[in-house]
Protein chains: 2
Amino acid sequence: MLNPSADPHLEKGIVTQLRGYLAQIDLADDGRLPPERELSAALGVSRTELRKALDVLEAEGQLWRHVGKGTFMGSRPLDTFADIAALARRSNPAEVMRARIVMEPEICRAAAFTATPEDIAEMRLCLTRSRQADTWRQYEAWDTRLHRTIAEASQNTLLLGLFDTLNAVRRAVTWGRLRTEPVKPLPDHHSFAEHEAIVDAIEHRDIAAAAAGMRAHLQTVERKLLDRQ
Amino acid sequence: MLNPSADPHLEKGIVTQLRGYLAQIDLADDGRLPPERELSAALGVSRTELRKALDVLEAEGQLWRHVGKGTFMGSRPLDTFADIAALARRSNPAEVMRARIVMEPEICRAAAFTATPEDIAEMRLCLTRSRQADTWRQYEAWDTRLHRTIAEASQNTLLLGLFDTLNAVRRAVTWGRLRTEPVKPLPDHHSFAEHEAIVDAIEHRDIAAAAAGMRAHLQTVERKLLDRQ
DNA sequence: ATATAAACCAAATCCAAATTGGTATCCAAC
DNA sequence: GTTGGATACCAATTTGGATTTGGTTTATAT
């Protein structure tokens with residue numbers, strides 16, 4: 001066959017054949033379609049030609065492929081690698097505090113519903129350890145763990161993931177901002193009483209007090225943060 | 001030996017012996033120390049007694065343990081899963097709805113503070129287009145854009161980023177589900193009135209109504225979602 | 001020349017076996 | 001009767017090899 005125009009025609013035929021096949025089969029929930037080796041056999045075309053047709057559909061954004069995983073319908077799920085770094089670059093401490101005040105009280109409210117005795121025991125451990133901390137670094141470690149334990153107690157992996165993202169951005173934003181006071185937290189540090197009020201509210205299933213306590217606590221933190229600037 | 005006071009003394013001895021051993025060995029980079037069975041043999045004590053000593057050190061927060069992983073020095077690392085694919089895999093539609101109900105009303109409250117006339121104009125555009133949608137796919141596109149416009153109006157890049165993350169997980173989790181309805185949204189679809197109430201509240205700077213409206217809207221969505229199961 | 005088939009590669013997945021902290025049971029010692 | 005030690009077992013996790021899968025190369029045939 002000397003005329004090369006016949007070949008594109010043939011390839012387009014494979015593409016439309018593949019389109020019809022994909023429209024007809026009801027694929028799995030994850031949108032995965034059969035591996036190329038099976039698909040080429042089912043369609044009666046060679047794997048090479050099938051891959052050309054898949055290239056077209058992939059260029060159209062109708063499917064995406066990944067080695068070892070397979071070929072999937074729909075658009076490729078967002079890759080979230082630069083997320084935290086990008087967010088931290090465009091954000092600032094004030095925004096982080098505002099976001100915390102928006103999110104954490106509601107997470108705390110949900111946690112007051114679902115916290116288990118084990119969760120509350122871990123919260124109490126964090127309270128004790130944060131009081132005993134010898135350095136600000138130790139205190140902040142236990143403070144962070146307390147807040148995350150509360151998020152865990154919500155028993156919602158998605159909320160916990162969002163909390164982790166927020167926390168990662170917070171760490172990235174406040175990176176290098178060393179605390180100016182070398183001393184350890186004083187016994188009358190405002191967070192101690194506020195933290196205990198929150199945990200008490202969670203333990204007594206007082207959801208309103210849990211949310212209000214967390215909001216008041218974070219607003220105090222925000223005020224101290226802005227005063228220092 | 002009749003005097004039982006010797007036993008507590010002996011246990012404390014094991015704790016100090018363990019402390020010395022841990023201070024002497026240079027453990028791996030990850031801070032992992034030998035499994036209990038080896039450690040008990042190395043220290044010449046039974047596994048039961050060793051575990052008692054480890055309990056003490058764990059209560060002090062100097063080490064942490066996890067089944068199948070091992071025992072590690074230092075404080076428990078926060079296994080953060082901020083990856084969208086990982087989140088979607090471990091989450092489910094019910095969790096996504098709960099997370100939306102926790103987050104979006106508060107984002108909406110913040111937006112009622114800061115929304116500009118341009119933001120509100122875009123919201124109104126979304127309302128109009130969603131009413132005119134010919135297919136569910138089109139409707140969902142405008143619905144999604146309305147919710148994101150509200151998040152944008154909060155003027156907090158971090159909150160917007162968290163909203164985008166939540167939305168990406170929602171798309172990944174609900175992918176392939178709810179394909180059963182080929183018809184387009186009916187004119188009396190509940191979302192139309194609810195959406196308008198939210199935008200009205202934002203426009204009038206009625207912060208409480210904005211948050212309440214969004215919460216009511218999402219609770220309706222959640223109820224419809226669960227009814228269908 | 002072009003398409004096909006086959007082989008190979010690296011990334012990802014799968015699966016059974018081994019490891020590990022946690023727990024229960026039985027037994028000896030005092 | 002209580003305490004401590006040895007053993008066995010459990011569930012969560014890790015490990016390592018085999019398999020699967022998309023991507024690439026090579027040889028062959030038409």
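Within every chain, numbering begins at 1; the chains are lettered A, B, ... in the order of the sequence lines, protein sequences first and strands thereafter.
In this structure, B:Leu39 atom CG and C:dG22 atom P are separated by 13 Å, rounded to whole Å. Put simply, CD on B:Glu49 is 17 Å from P on C:dA29, counting in whole angstrom units. Taking atom CG of residue B:Leu50 and atom P of nucleotide C:dT20, one finds them 14 Å apart after rounding to whole Å. In this entry the distance linking CH2 of A:Trp64 with C1' of C:dA12 reads 11 Å, nearest Å.
Contact annotation for A:Thr48: base contact, defined as any heavy-atom pair under 4.0 Å involving a base atom.
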> Base, backbone or nothing for each nucleotide of nucleotides 8-23 of chain D, written B, S, -, heavy atoms under 4.0 angstrom, 5' to 3'?
Replying inline: BB--BSS------BBB

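Residues passing the side chain to side chain contact (heavy atoms under 4.5 Å, CB included) test with A:Arg215, sequence neighbours excluded: A:Pro105, A:Glu106, A:Gln219, B:Glu106.
Between B:Asn92 and B:Glu95 there is a side-chain heavy-atom pair separated by less than 4.5 Å. A:Thr128 has its side chain out of reach of A:Trp142: every pair of non-hydrogen atoms, C-beta onward, lies at least 4.5 Å apart.
Within the 6.0 Å centre-distance limit, the rings of A:His147 and A:His195 are counted as a close aromatic pair.
Counting only distance, with no hydrogens or angles, the side chain of B:Gln17 and the backbone of B:Leu43 share a donor-acceptor pair below 3.5 Å.
Note on ring orientation: taking the six-membered ring where Trp is involved, the planes of A:Phe192 and A:Tyr139 are perpendicular (angle over 60°, cut-offs 30° and 60°).
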